[in-house]
Amino acid sequence: LMLRWSEGRAALRMKRALDSMLIDLCEDYGLACEVATYRLNSNTANAATIAEDYRRLVAELELDIHQRAGAGSSFTTVPT
């Protein structure tokens with residue numbers, strides 16, 4: 001997230017230091033990204049569906065993090 005949101009990186013770092021909910025959201029974001037990537041690379045029958053569900057979760061978490069951080073900048077699109 002920090003790499004994708006360069007213009008809001010400093011604000012996010014400062015807010016994370018003071019906001020435990022923001023820390024949790026960032027951790028959830030990282031885990032959701034990992035699962036989405038894992039499922040995209042999986043050969044199971046429903047892997048693509050599960051990956052898409054997690055990609056939506058990642059997008060929702062990004063919005064939550066952005067709103068919680070109170071930043072005026074927007075994120076780039078969710079990675080594919």
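Proximity of E27 to D24: side-chain heavy atoms (C-beta onward) are separated by under 4.5 Å at one or more points.
Contact record, A36 with R55: CB-CG, 4.2 Å, taken as the closest heavy-atom pair. Between A32 and L57, the shortest heavy-atom distance links the atoms CB-CD2, 4.0 Å. Closest heavy-atom contact between R39 and A51: CB-CB, 3.7 Å.
Under the side-chain hydrogen bond (donor to acceptor under 3.5 Å, both in side chains) criterion, S42 pairs with T44, sequence neighbours left out. Listed by chain and residue number, nothing satisfies the salt bridge (Lys or Arg N to Asp or Glu O under 4.0 Å) test with D64 (two or more places apart in sequence, or in another chain).
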| request: With salt bridge (Lys or Arg N to Asp or Glu O under 4.0 Å) as the test, would you mind laying out the steps for R56 and E60 before giving the verdict? | output: CA-CA 6 Å; R56 280 194 292 274; E60 290 173 17; over 6 Å; no
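Follow the hydrophobic side-chain contacts under 4.5 Å out from M21 and you reach Y29 in the same cluster.
Judged purely by atom type and a 3.5 angstrom limit, D19 uses its side chain to pair as donor or acceptor with the backbone of L22.
In this structure, CZ on R68 lies 10.5 Å from CD1 on I23, to the nearest 0.5 angstrom. Residue Y38 holds its OH atom at 15.0 Å from CG of L31, rounded to the nearest 0.5 Å.
When the options L40, V35, N41 are evaluated for a side chain to side chain contact (heavy atoms under 4.5 Å, CB included) with T37, the one that passes is N41.
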